[in-house]
Each structure stands twice: as structure tokens, then as C-alpha cells.
Amino acid sequence: MRELSGGGRLVARIVETEAYQEDDPASHSYRGPTPRTDVMFGRPGHLYVYFTYGMHHCMNVVTGRSGEGSAVLLRSAEPVEGLAEMTRRRGTGDPQLLCSGPARLAQAFGVARGENGLDLVRGSDLFLLGGDPVPRSRVGRTTRVGISTGRERPWRFVVRGDPFVSRGSSRRASSPRESSPRGHPPSPLKD
DNA sequence: TCCCCGATTAACT
DNA sequence: GTTAATCGGGGAG
């Protein structure tokens, strides 16, 4: 959720994420801390924003302890409130195109490099809310999207059958196979 | 310095 | 299904 300075707010329900960690060749943190990835190695609960393909920004929540280098990429969400503002930012009113995709989600929320390092737990207009927990049976796990190494790690998590999960993923030829998570599903984030 | 390519998207054929 | 857009990170020289 993001509170807007002019009043009003943007709310979206996260339906797709991917996990990245330090011993993971697909992770920006793989080669150790750099000016770009310092935030990933910082305190958990902060926002790591990266710029890619010369035009897109993506949002991550830092998850590991200080010094650790892990984060969760927010890939897709269902827009819930503030659709008009998201539409203005995105240039399309199709709800399925507002927040489905990591760069689309960041654009809808107006997040760019300036927001890198924000504390999502305290003192920010951008933060996470705990909602109704997603039942374990609805959590699907697949391989990650758009990476060239570390493909085998099944660290993408989706709400099964949710129409707001991004397409880039479920559509590809070498389509990631969806399976039930083993062990513990991601626990819902609390305040 | 040079060079390759990326945790993507939209617009093509 | 394919490709242009667009630029910064970071390894190689």
C-alpha cells in the first residue's frame, strides 16, 4: 500500500513473488555488495529498487539479516484501490495490465530509483499490510522468470489460478511447472 | 575505457 | 513468435 501526498492511497494485493539470495547465481547479490546492491545486504524490511533494460524499475523487499544479501521480488498484484491513479501512471485502464508484471507494478505505484532503500516498516508512505492469509492449497511454486542462470530453483510463488498473476511467466514454452510448495509456504507478512 | 547483456514490456509480423 | 527500446552495472582488457 502507498499513501499519496495529495490524499488517497494505492492498494494492491500481492499475488506473485520470487525469492533471491546470495548463493544464487541469478541474484544481484551473488557477486557481493556493490553500490547498486548495498540495500540488498542491509536491514530486512527495506525496499530494494533496481533499474533494468534501460527503462524499467522493479521492487524487492529485503528479507535477510544485515550482511546477508537476499530479497523478494514483487512481480504481480491485484489492484484494489486507487485504480484511477494507477491508470494515469500506466497509461492503460485495463486492470490486468496495471500491476501484473514487476515493472508495471513499480510504475503503477510510482516507485523508481528515488525510493531505493526506503524503510517499509517505519516512516514510509509505502508499506506492506497483512491481509487474509492465502490457503496453502492455493500457493503454487514454479521456477523463476526471465533469468539465464539458477533456472532450476523453484523460487517463484503464485496464487494459483489468480487472473492477476503475470503472463510472461505462465505462458512460456519451457513453461515453469507449477507444484505444491514443500515444507513451509511463504508466511503472510504482518505489520 | 570498452563491451555485453539484463529479475521487461509493448509493438510488431 | 519476434524484436526494438534504452542505459547502467560490472567484468574484461
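Letters go in sequence order (proteins before strands), and every chain restarts at 1.
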Between the protein and nucleotides 6-10 of chain C, which nitrogen or oxygen pairs come in under 3.5 angstrom?
| from | atom 1 | to | atom 2 | distance (Å) |
| --- | --- | --- | --- | --- |
| C:dT6 | O2 | A:Tyr53 | O | 2.5 |
| C:dG10 | OP1 | A:Thr34 | OG1 | 3.1 |
| C:dG10 | OP2 | A:Thr34 | OG1 | 3.0 |

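- Residues A:Leu74 and A:Val111 fall within the same hydrophobic cluster, defined by Ile, Leu, Val, Met, Phe, Trp and Tyr side chains chained together at heavy-atom separations under 4.5 Å.
- Residue A:Ala103 is classed as a sugar-phosphate contact, given heavy-atom separations below 4.0 Å to backbone atoms only.
- In this model, the phosphate group of B:dT8 is approached by a side-chain N or O of A:Arg75 to a distance below 4.0 Å at OP1 or OP2.
- The closest side-chain heavy-atom distance from A:Leu47 to A:Val39 is not below 4.5 Å.
- With distances taken from any side-chain atom of A:Arg104 to the nucleotides B:dT9, B:dA10, B:dA7, the minimum falls on B:dA10.
- The distance from atom OH of A:Tyr20 to atom P of B:dG6 is 12 Å, rounded to the nearest whole Å.
- For the P atom pair drawn from B:dC2 and C:dT6, the interatomic distance equals 22 Å after rounding to whole Å.
- Within the 4.0 angstrom heavy-atom criterion, base atoms lie near A:Met40.
- Side-chain contact of A:Thr142 with A:Arg156: a donor-acceptor pair under 3.5 Å is present, judged by distance alone.
- In this entry the distance linking CZ of A:Arg156 with P of B:dT8 reads 11 Å, nearest Å.
- Across the strands present, C:dT6 finds no partner; the criterion is a Watson-Crick or G-U wobble pair with both atom distances under 3.5 angstrom.
- Residue A:Ser29 is the one, among A:Ser29 and A:Gln107, whose nearest nucleotide of DNA chain B lies closer to the 5' end (criterion: closest heavy atom).
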Requested in this report: Please assess A:Asp23 against A:Arg153 for the test salt bridge (Lys or Arg N to Asp or Glu O under 4.0 Å), listing each intermediate value before the final yes or no.
Outcome: CA-CA 12 Å; A:Asp23 70 352; A:Arg153 305 188 185 201; 3.3 Å; yes

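- Between A:Asn116 atom CG and B:dA7 atom C1' the separation is 15 Å, expressed in whole Å.
- When rounded to the nearest whole Å, the span between NE2 of A:His56 and C1' of B:dA7 equals 12 Å.
- When each of A:Tyr50, A:Tyr48, A:Phe51, A:Phe109 is tested with A:His57 by the rule ring pair (Phe, Tyr, Trp, His ring centres under 6.0 Å), just one qualifies, namely A:Phe51.
- In this structure, A:Glu85 does not pair ionically with A:Arg2, as no charged nitrogen and carboxylate oxygen lie closer than 4.0 Å.
- The separation between A:Gln96 atom CD and B:dT9 atom C1' is 16 Å, rounded to whole Å.
- One interatomic measurement links the two molecules: CZ of A:Arg144 to C1' of B:dG6, which rounds to 14 Å at whole-angstrom precision.
- Between the CG atom of A:Leu74 and the P atom of B:dT8 there is a distance of 13 Å, rounded to whole Å.
- Counting only N and O atoms by type, the side chains of A:Arg90 and A:Gln107 include a donor and acceptor under 3.5 Å apart.
- With rounding to whole Å, A:His57 atom NE2 is found 15 Å from B:dG6 atom C1'.
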